[in-house]
Each structure stands twice: as C-alpha cells, then as structure tokens.
Amino acid sequence: MRGFARYAALRYYRPPVIPTIAAYRGNLLKTSTASSVLLSRNYSSENEKSFFITTPIFYVNAAPHLGHMYTAVLADAIARWQRLCGRDVVYSTGTDEHGLKIQQAAESQGLPPREFCDSVSSKFKGLFDNVDISYSHYVRTTQPSHQEATLALWNRLIERDFIYKGTYEGWYSTSDEAFLTEDQVKEVTDKNGQTTMMSIDSGRPVEWMKESNYMFRLSHFAPQLSDWLDTKVITPDVHAHGLRSRLKFGLDDLSVSRERSRLQWGIPVPGDDSQTIYVWLDALTNYLTVSGFPDRHDACWPADVHVVGKDILTFHALYWPAFLMAADLPLPRKILCHSHWLSDGIKMSKSLGNVVNPLDSVQRYGVDGLRYYLLRDGVPHMDGNYRDDRAKTCLNAEVCNTMGNLLSRSTGKAINPSQQFPSFNQDVFQALAREDDVLMWKRLHSLPAATKKEYEDLHVYRAIDCIMAHLRDVNGFMQHHQPWQMAKDPKCAAELAVVLHVAMESLRVAGILLQPVIPNLASELLNRLSVPANQRTFSNAERSFPGDSPLGMDTGPLYRRLKS
RNA sequence: GGCGGCGUAGCUCAGCUGGUCAGAGCGGGGAUCUCAUAAGUCCCAGGUCGGAGGUUCGAGUCCUCCCGCCGCCA
C-alpha cells in the first residue's frame, strides 16, 4: 500500500546498534549523537540536559500486543515532538527478562532462559522497529550494564539501611513452585463443605507459607510519596486518586527478593547466594541503567516522562520513587499514565481470543495509519475502544480526505499548472479576504503555539485535533474562493497564487506539526511541497515560508482510501 | 463491606473553576459542486448530560441517595 511506503534516505531516526559496556561507560550520549544524521544539535541552552523519556520494559513471557505498541507510540510522539523543538532526547524502551514466569516459559519450550529471552525480546524490538519507534536505547535486564546498575542500587539501599532481612508470607503453590498474590488465588468449597484455596491459573491447591528474604522499608516513604503525588506528577490526575487513598493508610514494607532455590533466573543478591533480587526492583532499575548509573548519569537524569499503562502505575508511582528517595536520587518529573485499549468494548484477553495483533493492523492501515488512529482516539484518562470500523472511518475522513485531498486539490495541475508553491502577497490577500479568512490566517500563525501547548501537556490527541480543525477550515477557504475558476482567467493569477499559498502554507505547518504522529506521511507531504529537509523543525513551523519554489514530485495519493 | 474514580448525540470526545437549560468531529439524511484521493461545500435530524431528590434567581457543573462500570483497601 502506498500509504505506508517508506523513503529510507529520508528517515532520520534509526536506533543505533546497542553499544558495548565500554561505550556505555564512557559516553552515554555518544551513540545518540553519532546516529543523528539530519537533526543537528541546536538548542537554546548548551547545558540543558537531554530530554529523557521512557516506556516500561516489557515482560517477555508473551509476544507483544497492541497495548505495548500504544505505550511505545505515545512515548515516540512525545520524543519526536521534543526533537522537533531542537531538544536532544534519550528515549528508552526494552524488555524485562528475569523472573519465574520467564524461567518456566523457557523450560516449557526446552530452551535455556537466555535463548528464550533473546527470541521474545527480538519480537518486541522487531515490532518497535516496524512501527518506527525512534528509541535511542533498547535496554534488556539481562545485559551486564543493567546487572551492574541493579547491584549498585541494591548496595546503596543496603548501605543506607533501607533493606533488611525479614520474612515473606503468602499463598504458595507447590506444583507451580511459586508464591501467588491474592488475586491469583480463589477459595473453593467442595461437596463436604470444606474450603481450600487454589490457584486460579492452574487450578492446583495452594498453601500459606513463610520464607526468609529481604525487605525494603517502603512504609518509611508514605508521607513523602503523598507529598510528591500532590505536585501533580501523575498525569492525567484521575489515575492518581487510588494511590492517594492507599497512602492514607500507610504502606507495608516490600519484599525485594525471593529464595534462589525456586528462582534462579535473576540477579543474585550480593553476599547471599540463597536469594535472588525481586523482579520489580530489578526491572525498575532499567531507567538508571540507561542513564549510565552508577557512573555519572546526570546528562539525562532525572527522567522527564515515564510513559506507563495504568496497570503498572503503582510500581512507578510508589515503589520506584521510594527506591530513588532511599538512594537519594532525583525523582522523575512526570509520569504519563495511559488507560487500556478494549476490543469492541471488551477487555482484551488471550482466553477470549480478542487480542489485537498490531502487525495485523499495520497490514491493514499502514504504520502511520495505525499510529494516527491510536494517538487520535487514544485518550489517556479513559479506556480506548479499538474498533476496525472506527479506525477506517477516522483514517478515511481525516488522513485521506481532509488532509490528503487538500494536498491533491492544491497541487493538482488544473489549478496549479506551473507546479509551484507560490509566494504570498499581503495586499492581494487583504483585498480578497473575508473577515473569516483573516481569522483563519491568524489561527494558522498561532497553530504552532497552540499545538506546542498540547504536546507539552502530553495531550497528543488534542494536538492532532487542533491541526485537523485548521485543515478543515482551509478546505472551506478553498471552496469559497474557487481557485479553479481563477485558474481560467490570467487576470486572476495574483489571487490564485495567494489562495494556493494559504492552502500550501497550512499544509506545510500541519505537516511539520504532525511529524511526531505520522512521520512517514508527514515526510511525504513535506516532500511534495518541497520543504527542504533541514527546514522541518518546530521553529520552521513558527516562521512563514516564503514560497515561490517549485513543488516536489507527485507520487500519488498521500493515503489511499481504506475499503471495507 | 469501606473509600475513590468514571457515566454528555449512533461512535470518539469538549464542556475544569455554577450563568445563552449543551458543543465539535465522525457517522446518518438532504442539497449543491466537479479544482481534487467518489473528494469539497452548505443545510438538517440525533441529546431523560446514568436515575431520583435537594441547594440556588439559575446546575451537565455543587450536595444526598440509588443504578452501572473500574480501581484500591478489608
């Protein structure tokens, strides 16, 4: 499909090969800088740290799904936005590869855990590469630098007396050889009226057990966490309410290790071969790993935005900042917590068989099409409802019709035989413009600022809405002025030029501002308008384009209409 | 069971802080146009703002109770 064809030469964020330990140790940003071909470093403050945005690292017990993609795409839009504004960006994603479920899944496939992890992690990376996620760092909990970072954090927490030896109690499945949480077990009554607890997943009986392990003094941090949440660090705020009410009752200390006799696949506790570090302390430390910890890591620390799904908000908004406070490290600035995608109004579930495979959707809508749909309909404070008919109508109406057709109208030979992006003449514009036209022209000039506000408030869906509303107005402007009539009369050449300029200038600005959402389609649009590759930044959107330049090659419709 | 969040047109959302007793886009119906990707434009229909009370001159917005969905705690 034409809609998602790529131009390799014009793509300008390819993830670099993961560097060796030495490269990480020496210069964290080295690889990022080396990879940046088209974007030059050009920001207001030389001393400003890199914008650090993260997805969670994804558990490799199963293949990636739409929810994983949504997190990555949302973070990608924000990362690209920051680069558009000239900011250097560290964008990390990756995989969490330790834990009992990984160990068990590998065993069930007759593979060593490492080989199993390599396989599933490559599926995640493959998906992200396929949908143009412009991460600068792909981190895996099995990589040596991560182990080093985790051990360093662990040791710091021990030294500062925030980890102590204690006991862990919970429901234990002898068959599964695992502790289960309250929501993993259920009470069952047999015919004799006798009750037992059993695992929901396996249906096997569980018993209450105690074991010795390490505890983190999470309880110590309840007041500080409450204060921190009050600074509106969680956005949208609706997701923070449950955390606040939980903090009112205080927090229990957190078990941060498991007995190694059961859990071998993980980082051993230093100085205690009988214990393995608990996966959430291990996993959350990935953000420090990326930053270069325990070496100097303030080139990008603290994280500017952690993008997380609501199911793992507790870990990121309670445990993670508590670990950081305990280690005396700065906390993340924002946590963007997004809701889930349902499928036709129903929660996605493997057992129901309604999980959306993102690669299927990419086949149907194209990479940029799926990105557009997810970012347009995805509203972080509410669960989205993934529907193919809704995706189709949304893409047809907006990408294909409002934007793509406007491009065709203004660049077609019937009204633009010379195939030019004409210049703007203020006098001619003022002569022909109605009051509405003047307002529309002014709105175009304020569109970059309006869009910037939405992007920086992390409201990507509202930024898209702003841009599309403007393009709809431009279609109306075209309809009113009828440039196809002007084209028939040489005396109207000046007026025709101005109308075409306004249409193309609007498309140019929209194209620049939509790069974070639909990088390939935006690139094609800007190519058609012959916007130079080095004039596609946010500051270029703020400035007027003189025009009076030939158009780029016509490569056909920007986005082909989707059929039923 | 306790606490909290959410519920606005067929769909997706806006409407924070009480003030034309509700808007946008999409979808639907009608008309029109043919520069254009069967696109564009104009007009119209669609709303018990979950339900019932209350406060107020006035409530989608504040309060109470109830219903549904979700989350946390027990």
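In what follows, chains carry the letters A, B, and so on, assigned in the order in which the sequence lines appear, proteins first and then strands, with residues in each chain numbered from 1. It should be emphasised that the depicted structure is a prediction, and the values quoted were computed from it without experimental measurement. Just so it is clear, the values below take in all heavy atoms, side chains as well, and ignore hydrogens, waters and symmetry mates.
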(request) Using only side-chain N and O atoms of A:Arg560, determine if any of them is under 4.0 Å from OP1 or OP2 of B:rU37. (result) no

(request) Indicate whether OP1 or OP2 belonging to B:rU12 is found under 4.0 Å from a side-chain N or O atom of A:His381. (result) no

(message) What is the distance, to the nearest angstrom, from the CG atom on A:Leu395 to the C1' atom on B:rU12?
(response) 13 Å

(request) Find the distance A:His481:NE2 to B:rU41:P and express it as a whole number of Å. (result) 14 Å

(request) Remember a base hit wins even if backbone is also touched, and classify A:Arg390 as base, sugar-phosphate or nothing at under 4.0 Å, heavy atoms. (result) base

(request) Please state how far atom CG in A:Leu471 lies from atom P in B:rC26, giving the value in whole angstrom units. (result) 12 Å

(request) Return the value, rounded to whole Å, for the distance between atom OH of A:Tyr386 and atom C1' of B:rC11. (result) 16 Å

(message) Counting only Watson-Crick pairs (N1-N3 plus N6-O4 or O6-N4) and G-U wobbles (N1-O2, O6-N3), all under 3.5 Å, who is the partner of B:rG1?
(response) B:rC73

(request) Determine the Euclidean distance between corresponding C1' atoms of B:rA9 and B:rG47; express it in Å to zero decimal places. (result) 5 Å

(request) Report the residue (A:Lys310 or A:Val379) whose heavy-atom-nearest nucleotide on RNA chain B is the more 5′ of the two. (result) A:Val379

(request) Find the distance A:Met478:CE to B:rU37:C1' and express it as a whole number of Å. (result) 13 Å

(request) Find the distance A:Ile464:CD1 to B:rA14:P and express it as a whole number of Å. (result) 14 Å

(request) In sequence, state the C-alpha distance, the side-chain angles, and the governing distance for A:Asp253 and A:Arg217, and then conclude on salt bridge (charged side-chain N to carboxylate O under 4.0 Å, His left out). (result) CA-CA 5 Å; A:Asp253 285 350; A:Arg217 298 186 195 276; 5.1 Å; no

(message) Can you tell me whether the side chain of A:Gln485 and the base of B:rC33 have a donor-acceptor pair closer than 3.5 Å?
(response) no

(request) Both distances under 3.5 Å, Watson-Crick or G-U wobble: report the partner of B:rC57, or none. (result) B:rG19

(message) Mind checking if A:Asn416 touches a base, just sugar-phosphate, or nothing, with heavy atoms under 4.0 Å?
(response) nothing

(request) Specify the glycosidic conformation (syn or anti) of B:rG50, with syn defined as within 90° of 0. (result) anti

(request) State plainly whether the residues A:Arg462 and A:Asp465 are in salt-bridge range, i.e. N to O under 4.0 Å. (result) no

(request) Measure the distance from CD on A:Gln419 to P on B:rC35 and round it to the nearest whole Å. (result) 16 Å

(request) Decide whether A:Asp368 and A:Tyr559 meet the rule of one side-chain donor and one side-chain acceptor closer than 3.5 Å. (result) no

(request) Could you please name the option among B:rC26, B:rA14, B:rG40 that lies closest to any side-chain atom of A:Gln479? (result) B:rG40

(message) Is the phosphate of B:rU12 approached by A:Tyr373 (side-chain N or O, under 4.0 Å from OP1 or OP2)?
(response) no

(message) If I pick the P atom on B:rA22 and the same atom on B:rG50, what distance separates them, to the nearest angstrom?
(response) 15 Å

(request) Among B:rU37, B:rA14, B:rC35, find the nucleotide with the atom closest to the side chain of A:Arg462. (result) B:rA14

(request) Report the base-pairing partner of B:rG7 (Watson-Crick or G-U wobble, both distances below 3.5 angstrom), or none. (result) B:rC67

Short N/O separations, protein against nucleotides 1-9 of chain B, under 3.5 angstrom:
none

(request) Please state the C1' separation for the pair B:rC42 and B:rG58 - nearest whole angstrom. (result) 36 Å

(request) Whole angstrom is fine here: how far is it from CZ in A:Arg434 over to P in B:rU41? (result) 12 Å

(request) Sticking with atom P, work out how far B:rC63 lies from B:rG4, rounded to a whole angstrom. (result) 11 Å

(request) For residues A:Trp441 and A:Phe424, establish whether the separation of their ring centroids is below 6.0 Å. (result) yes

(message) Mind checking if A:Glu398 touches a base, just sugar-phosphate, or nothing, with heavy atoms under 4.0 Å?
(response) sugar-phosphate

(message) Using the C1' atom as the point on both nucleotides, what is the distance between B:rU34 and B:rU41, in whole Å?
(response) 12 Å

(message) If the threshold is 4.0 Å, N to carboxylate O, is there a salt bridge linking A:Asp76 and A:Arg80?
(response) yes

(message) Quick one about A:Ser361 and A:Tyr386 (side-chain donor to acceptor, distance below 3.5 Å, no hydrogens or angles considered), yes or no?
(response) yes

(request) Once you apply the 3.5 Å cut-off to both distances, tell me the Watson-Crick or G-U wobble partner of B:rU34, or none. (result) none

(message) I'd like the C1' distance from B:rG40 over to B:rC33, given in whole Å.
(response) 8 Å

(message) Go nucleotide by nucleotide along RNA chain B from the 5' end; which of A:Ala414 and A:Asn475 gets its closest nucleotide reached first?
(response) A:Ala414

(request) Using a cut-off of 6.0 Å, state whether more than 12 heavy atoms not belonging to A:Asp252 lie near its atom CG. (result) no

(request) Pick base, sugar-phosphate or nothing for A:Gly404, based on heavy-atom distances below 4.0 Å to the nucleic acid. (result) base

(message) Let's see if you can work this out: which of B:rC13, B:rG71, B:rC26 has an atom nearest to the side-chain heavy atoms of A:Lys347?
(response) B:rG71

(message) Heavy atoms from C-beta onward define the side chain here; which of B:rG25, B:rG40, B:rU37 lies closest to that of A:Leu558?
(response) B:rU37

(request) With heavy atoms under 4.0 Å as the rule, sort A:Arg472 into base, sugar-phosphate or nothing. (result) sugar-phosphate

(message) I'd like the C1' distance from B:rG27 over to B:rG10, given in whole Å.
(response) 8 Å

(request) Describe the nucleic acid contact of A:Cys394 in one word from base, sugar-phosphate, nothing, applying a heavy-atom distance below 4.0 Å. (result) nothing

(message) For the P atoms, the ones on B:rG60 and on B:rG53, what distance do you get once it is rounded to whole angstrom?
(response) 14 Å

(message) Checking contacts here: which listed nucleotide (B:rG40, B:rA14, B:rG25) is nearest the side-chain heavy atoms of A:Tyr461?
(response) B:rA14

(request) Evaluate the side chain to side chain donor-acceptor pair (under 3.5 Å) criterion for residues A:Asp132 and A:Asn520: first the C-alpha distance (whole Å), next the side-chain angles of each, then the deciding distance (0.1 Å), finally the verdict. (result) CA-CA 9 Å; A:Asp132 297 318; A:Asn520 301 291; 2.8 Å; yes

(request) Kindly determine whether A:His480 and A:Asp436 satisfy side chain to side chain donor-acceptor pair (under 3.5 Å), including the steps that lead there. (result) CA-CA 11 Å; A:His480 175 81; A:Asp436 282 352; over 6 Å; no

(message) If you compare every side-chain N and O of A:Asn396 against the phosphate oxygens of B:rC26 (OP1, OP2), does one of them come in below 4.0 Å?
(response) no

(message) Is the phosphate of B:rU41 approached by A:Arg409 (side-chain N or O, under 4.0 Å from OP1 or OP2)?
(response) no

(request) May I ask you to say whether A:Arg244 pairs ionically with A:Asp237, meaning some side-chain N is under 4.0 Å from a carboxylate O? (result) yes

(message) So if I take every side-chain heavy atom of A:Pro557 and compare against B:rU37, B:rC73, B:rG27, which nucleotide ends up nearest?
(response) B:rU37

(request) Could you please spell out the steps behind the salt bridge (charged side-chain N to carboxylate O under 4.0 Å, His left out) verdict for A:Asp383 and A:Lys347? (result) CA-CA 9 Å; A:Asp383 284 347; A:Lys347 212 173 171 184; over 6 Å; no

